[in-house]
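Note sheet for the following structure.
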Amino acid sequence: MGVKLKDLSNPRKTSFENLSGNKIAIDGFNIIYQFLTTIRGPTGEPLRNSKGKITSHLTGLFYRNINLLNNNIEPIYVLDGKPPQLKSTLIKKRKETREKNQEKYRKAIEDGDQEQARRYSHSMIRINEDIINDVKKVLELLGIQYVQAPAEGEATAAYMNDIGMVDYTVSQDYDSLLFGAKRLCRNLTVSGKRRIPRTNRFIDVEPEIIELKEFLRLNEINREQLVDIAILIGTDYNPNGFTRIGPKTAIKHIKKYKKIEDIPNMEKELELINIDEVRNMFLNPEVSKPDFIQKKEIQKEKLISYLCDENDFSIDRISNMIKKLDKVEEEKSESLDKWFN
DNA sequence: CGTTAACA
DNA sequence: TGTTAACGG
């Protein structure tokens, strides 16, 4: 779920064109979950191939990556490893709400209530090993690199950003900033319009950059204090946060008292968590340094075979998109020729 | 989510 | 030509 830092952030609008020439570390699980929950047929069911296997994530990944490559953006996917022990309460909590929602879903199906079914259908989806293997397969065939993080994907993505391997981390969550990412890119999507859940209203969603330095300067805090603010609000490692403290109160307190222990009347709340352990999760996370990463060649034939033969994608659509990619490559080498001649 | 078909 | 609905798998 991530930390609720939206109200404190100072996003700067950007676009695919603006990000041309950049390397980005994509929070793999975050993007996969988005595809699985948003790419659906009319009944709210995810897309499936003729064998009944879910394919929403394949559709999303294919089109999104073609768009990135067409704009000369180099994505590197970072996949989650073993979840940290401190996350177990959150995972348990999520499991409980998922099971409750699954029950609601089943009931809605029984009652023939499509609207309710659609609302709870996302709880039927889990990122399992099959899904991960599909993702790895498509990425390999697209020639896109991925790295396996030892623990939190966002932590390794942030590390890659910090040491200059990538220019941005990409996620909808703000956690990579807590992990020390220099720049976070949110809403890195093509279509500008997105429906507000359970309404018929649409809002324009544009890609945005949040720069850690600017964020800290604007709020007149350092990263350690940002982490304390997050802990007050609630993080994956202390999901409930401190009672009656939201973003506004959290920043007010930290600006005034500098750290959580110095805020008056926090003794009882502090007894509930090991605060230094939580801080350490963000300030000193388990990360790996990936080897030098270089984009590989797209394997067009195998990609078409995998998507169209194995997963029933339309051959016309897929080959058209690949043709578009070829066209961009052609233009690129043409302009390169001009440079030399 | 991203593309395409339909429509003014 | 630009906006919106519906489809994709």
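Note on naming: letters A, B, ... go to the chains in the order of the sequence lines (proteins, then strands), and numbering restarts at 1 for each one.
- Residue A:I318 contributes atom CD1, which lies 7 Å from atom P of C:dG9 at whole-angstrom precision.
- One atom, CZ of A:F62, and another, C1' of C:dG9, lie 14 Å apart when rounded to the nearest Å.
- At the heavy-atom level, A:P46 lies under 4.0 Å from base atoms of the strands shown.
- For residues 125-135 of chain A, the pairs satisfying side-chain hydrogen bond (donor to acceptor under 3.5 Å, both in side chains) are A:K53-A:D134, A:H57-A:D134, A:D134-A:Y306, with sequence neighbours left out.
- At a threshold of 4.0 angstrom between heavy atoms, the contacts of A:S314 are confined to the sugar-phosphate backbone, with no base atom among them.
- A nucleotide of DNA chain B counts as in contact with chain A when one of its atoms lies under 4.0 Å from a heavy atom; the first and last such, 5' to 3', are B:dC1 to B:dT4.
- Scored by the side-chain hydrogen bond (donor to acceptor under 3.5 Å, both in side chains) test, A:D262 finds no partners at all (sequence neighbours excluded).
- Rounded to an integer number of Å, the gap from A:I54 CD1 to C:dG8 P is 18 Å.
- One can place CZ of A:R317 at 5 Å from P of C:dG9, the figure rounded to the nearest angstrom.
- Residues A:Y174 and A:I245 fall within the same hydrophobic cluster, defined by Ile, Leu, Val, Met, Phe, Trp and Tyr side chains chained together at heavy-atom separations under 4.5 Å.
- Following rounding to the nearest Å, A:D309 (CG) and C:dG9 (C1') show an atom-to-atom distance of 14 Å.
- Within the nucleic acid shown, A:T55 comes within 4.0 Å of sugar-phosphate atoms alone, with no base atom in reach, counting heavy atoms only.
- If you check the side chains of A:Y120 and A:E103, you find no donor sitting under 3.5 Å from an acceptor.
- A single hydrophobic cluster is not seen to contain both A:L90 and A:V227; linkage of ILVMFWY side chains at heavy-atom distances under 4.5 Å, directly or through other members, places them apart.
- Within the 3.5 Å criterion, the main-chain N or O of A:T235 finds a donor-acceptor partner in the side chain of A:N238.
- Taking atom CD1 of residue A:I304 and atom P of nucleotide C:dG9, one finds them 14 Å apart after rounding to whole Å.
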